[in-house]
Amino acid sequence: MILKETFVGLLKNYTKDEQLIASLWREVEAYYGDTLRHYHTLDHLENLLLELTAVKEKIKNWEALLFTLYYHDIIYDASKQNNEDESAHLP
């Protein structure tokens, strides 16, 4: 899965702790894989990643964009307007 490979590759630039990387991936996978989600899913992230990869050379800070991609709506409740704020405060 390109989504996981990209995430793991990104984190390896910041840590060599394989357990931490695996734990963070499981977190992303659990949140975006929640069966109650209808839009902000792993498929949504992968589609965004593919679209962004097509214009990667035009993006000044690819790594910052990738972190934004993976965490932009990790906390998601369709009935609320503060998902991005809640995602930014994920412990």
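For reference, positions follow the sequence shown, starting with 1.
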Can you see which heavy atom on Ile59 is nearest to which on Trp62, and at what distance?
CD1-CZ3, 3.6 Å
Say whether, by atom type as modelled, one donor and one acceptor occur between the side chain of Tyr71 and the main chain of Val28 under 3.5 angstrom.
no
Please name the pair of heavy atoms, one in Leu24 and one in Phe7, separated by the smallest distance, quoted to 0.1 Å.
C-CE2, 3.8 Å
Could you tell me whether the side chain of Tyr32 and the main chain of Tyr70 form a donor-acceptor pair under 3.5 Å?
yes
Please check if the side chain of Thr53 supplies one atom and the backbone of Leu49 the other of a donor-acceptor pair under 3.5 Å.
yes
How many angstroms lie between NE2 in His44 and NE2 in His38, if you round to the nearest 0.5 Å?
14.5 Å
Are Tyr39 and Leu36 linked, directly or through other ILVMFWY residues, by side chains that come within less than 4.5 angstrom of each other?
no
Spatial distance of atom CG (Leu65) from atom NZ (Lys56) [nearest 0.5 Å]
10.5 Å
Other residues, nucleotides and ligands only: do more than 12 of their heavy atoms fall within 6.0 Å of CD on Glu57?
yes
Under the rule for salt bridge (charged side-chain N to carboxylate O under 4.0 Å, His left out), what residues qualify as partners of Lys12, not counting sequence neighbours?
Glu18
Between the side chain of Arg37 and the main-chain N/O of Leu42, is any donor-acceptor distance below 3.5 Å?
no
Distance check, rounded to the nearest 0.5 Å: Asp34 atom CG versus His40 atom NE2?
13.0 Å
List the residues meeting side-chain contact (heavy atoms from CB on, under 4.5 Å) with Asn47, not counting sequence neighbours, and say none if there are none.
none
Taking side-chain contact (heavy atoms from CB on, under 4.5 Å) as the test, write out the residues that go with Asp43, two or more places apart.
Thr41
Say you draw a straight line from CG of Leu45 to CD of Glu29; how long is it, rounded to the nearest 0.5 Å?
11.0 Å
Pairwise distance CD(Glu46) to CG(Leu69) - rounded to 0.5 angstrom:
10.5 Å
